[in-house]
Colleague: 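One structure follows; several queries about it will come next.
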Number of protein chains: 2
Amino acid sequence: MPDGPPKKPSRIQQRNRHLILDAALDVFSAHGYRGATLDQIAEAAGLSKPNILYYFSGKEEIHVTLLNQLMETWLDPLVEMDAMGDPMTELLAYVHRKLDMARDLPRESRLFAGEILQGAPRMHPHLVSDLKPLFDEKCAVIQGWVEEGKLAPVDPHHLIFSIWSTTQHYADFDAQVQVLSSDDPLEGARRYIDTLFRRMLSIPTSTSQTQ
Amino acid sequence: MPDGPPKKPSRIQQRNRHLILDAALDVFSAHGYRGATLDQIAEAAGLSKPNILYYFSGKEEIHVTLLNQLMETWLDPLVEMDAMGDPMTELLAYVHRKLDMARDLPRESRLFAGEILQGAPRMHPHLVSDLKPLFDEKCAVIQGWVEEGKLAPVDPHHLIFSIWSTTQHYADFDAQVQVLSSDDPLEGARRYIDTLFRRMLSIPTSTSQTQ
DNA sequence: CCACTTTTTGACCAATTGGTAAAGACACGA
DNA sequence: TCGTGTCTTTACCAATTGGTCAAAAAGTGG
């Protein structure tokens with residue numbers, strides 16, 4: 001059963017789909033799935049509502065499309081962590097890449113957070129098929145580093161959880177961070193988080209540690 | 001202009017208001033403010049929709065009531081951190097109290113997270129009037145501990161942010177944590193987070209540290 | 001048992017919202 | 001210029017949803 005000619009998308013299609021997805025990212029990340037309306041997305045995109053539905057079959061397809069695109073971007077920093085590199089260097093570089101993402105892609109971070117917060121109704125399959133294998137693989141890498149004595153003893157699973165949570169916090173809880181910070185928090189965050197994981201993962205130099 | 005007799009709430013009023021708020025906490029934390037419907041809340045509470053509106057003037061009042069109640073509970077662990085106690089003990093006890101809350105009150109954690117994620121539209125005043133002063137006060141306490149040499153040098157603001165994010169992560173991102181964990185993650189989390197902040201805050205024993 | 005207050009319900013409404021149908025505007029190659 | 005397929009809009013639903021209202025039903029004190 002042939003699929004028919006795939007038909008490359010026209011210039012206009014590319015432009016409008018991109019317009020819609022960008023507008024939808026704004027709206028979904030600000031109000032959540034249920035809180036977002038097609039009218040809001042249409043207005044933000046500068047198109048009419050039926051026109052939106054000419055490019056996407058419905059609200060859900062827009063949301064799913066965003067989530068799919070996001071997954072790739074989201075996993076990339078972890079993918080880049082190299083088992084062959086220096087453990088401390090690789091892990092700290094990963095932390096900094098995640099912090100860069102919280103700074104540069106806060107809408108994406110909030111979209112992801114909102115989806116997970118509500119039980120990942122649309123993303124659960126992706127978590128199992130894409131995230132889980134990568135997560136397991138990188139946990140094994142870290143475990144290897146620990147066993148080689150290149151890192152202080154640490155549970156890789158929770159280490160990664162804490163990297164995610166501390167970095168994404170600055171995007172997801174921005175409203176709170178803004179209230180509590182006088183100057184731009186991101187610079188301080190960078191120094192603090194670097195120190196946090198450096199102290200967590202450093203092998204004690206010498207002397208006996210208490211207990 | 002007298003306020004009239006305050007009229008203590010009847011037994012029935014207390015019971016039904018409590019039923020409604022508990023049901024609303026379920027629904028709001030699972031679907032967010034916009035995603036929740038009065039019908040869902042009514043069904044979860046075992047009451048009819050008009051009956052709900054007999055006890056609360058509208059959807060928003062229910063939400064605001066929950067948020068107000070929550071604020072007290074939420075700040076309590078931080079309030080209990082005692083400037084007179086031993087710094088490391090106090091901070092680690094605070095971390096463990098926060099982790100207890102993520103375990104025992106996940107609905108509350110998600111309600112709070114959802115509100116902040118969407119820019120704290122209803123809670124912003126509370127953040128400024130309640131959270132900010134407490135936060136500043138406790139930051140000063142921690143700063144004092146650092147200056148006394150009782151803790152390793154650390155930015156108190158980001159330290160608290162990282163305590164919040166690492167602990168609440170287990171409630172807010174539970175859907176993700178569940179996918180990635182084989183056994184119950186909370187026990188491992190407790191050990192990991194304890195170690196994380198212990199290493200972060202410990203004064204180096206002796207010897208020179210590299211760099 | 002009776003008056004009186006509190007609680008509960010069924011019927012209803014206006015606004016919002018996701019989505020459709022069909023006609024019209026537009027682009028573009030022959 | 002014309003015709004054909006692409007894109008856009010206008011007008012319109014049906015369902016959902018927050019909320020109202022008046023009347024019925026339960027409590028409650030005397």
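A quick note: this is a predicted structure, and the numbers were derived from the prediction, not measured. Per chain, numbering begins at 1; letters A, B, ... match sequence-line order.
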Colleague: Ring centroid separation for B:F56 and B:H63, is it under 6.0 angstrom?
Modeller: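 Between B:H63 and B:F56, which both carry aromatic rings, the centre distance is not below 6.0 Å.
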Colleague: Can you check whether A:Q13 has a side-chain N or O nearer than 4.0 Å to OP1 or OP2 of D:dT6?
Modeller: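 No.
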Colleague: Of the nucleotides C:dG19, D:dT8, C:dT8, which one has an atom closest to the side chain of A:N51?
Modeller: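 Side chain of A:N51 sits closest to D:dT8.
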Colleague: Quick check, are the ring centers of B:F161 and B:F135 under 6.0 angstrom apart?
Modeller: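 Aromatic pair counts; centres sit under 6.0 Å.
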Colleague: Using a cut-off of strictly less than 4.0 Å between a heavy atom of the residue and any atom of DNA chain D, enumerate the qualifying residues of residues 20-39 of chain B by number.
Modeller: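 Result for residues 20-39 of chain B: B:A36, B:T37, B:L38, sorted by number.
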Colleague: Between B:R15 and A:K59, who's closer to the 5' end of DNA chain C by nearest nucleotide?
Modeller: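 It is B:R15 whose nearest nucleotide is closer to the 5' end.
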Colleague: Just how far, in rounded Å, is C1' of C:dT20 from CZ of A:F56?
Modeller: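 Taking atom C1' of C:dT20 as the reference, CZ of A:F56 is at 19 Å.
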Colleague: Does C:dT8 have OP1 or OP2 sitting under 4.0 Å from an N or O in the side chain of B:N16?
Modeller: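 Answer is yes, contact under 4.0 Å.
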Colleague: For C:dT8, does OP1 or OP2 lie under 4.0 Å from any side-chain N or O of B:Y54?
Modeller: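 The answer is no; no side-chain N or O of B:Y54 sits under 4.0 Å from OP1 or OP2.
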Colleague: Starting at CD of B:Q14 and ending at P of C:dT6, how long is that distance when rounded to a whole Å?
Modeller: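 Checked: the CD to P distance equals 16 Å.
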Colleague: Is there a donor-acceptor pair closer than 3.5 Å between any side-chain N or O of A:Q168 and the backbone N or O of A:A102?
Modeller: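 Looks like no, no N/O pair under 3.5 Å.
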Colleague: Side chains of B:Y170 and A:H158: donor-acceptor distance under 3.5 Å anywhere?
Modeller: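 There is such a pair between these side chains.
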Colleague: If you look at every strand shown and take non-hydrogen atoms under 4.0 Å, does B:I12 touch a base, only sugar-phosphate, or nothing?
Modeller: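 If one applies the 4.0 Å heavy-atom cut-off, B:I12 turns out to touch the sugar-phosphate alone, with no base involved.
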Colleague: Could you tell me whether the phosphate oxygens of C:dT8, OP1 or OP2, come under 4.0 Å of any side-chain nitrogen or oxygen in B:S48?
Modeller: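 B:S48 to C:dT8 OP1/OP2: no side-chain N or O under 4.0 Å.
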Colleague: Which whole-number value in Å describes the distance from B:I41 CD1 to D:dG19 C1'?
Modeller: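 For the pair B:I41 CD1 and D:dG19 C1', the rounded distance is 13 Å.
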Colleague: If we ignore hydrogens and angles and just use 3.5 Å, is the side chain of A:E61 paired with the main-chain N or O of A:S57 as donor and acceptor?
Modeller: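 Yes, the answer is positive, given that a donor and an acceptor are paired below the 3.5 Å cut-off.
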Colleague: Look at the side chain of A:P50 and decide which nucleotide, out of C:dT8, D:dT8, D:dT10, has an atom nearest to it.
Modeller: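 So the nucleotide nearest the side chain must be D:dT10.
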Colleague: Would you say B:N16 and B:Y55 are linked by a side-chain donor-acceptor pair, where the criterion is simply a distance under 3.5 Å?
Modeller: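 A pair is found: one side chain offers a donor N or O, the other an acceptor, under 3.5 Å apart.
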Colleague: For B:K49 and D:dT16, give me the distance from atom NZ to atom P, rounded to whole Å.
Modeller: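 That distance rounds to 12 Å.
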Colleague: Would you confirm whether A:S162, through its side chain, and A:L159, through its main-chain N or O, come within 3.5 Å as a donor-acceptor pair?
Modeller: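 Yes: the side chain of A:S162 pairs with the backbone of A:L159.
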Colleague: Whole Å only: how far is the OH atom of B:Y55 from the C1' atom of C:dT6?
Modeller: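 Interatomic distance, OH of B:Y55 to C1' of C:dT6: 8 Å.
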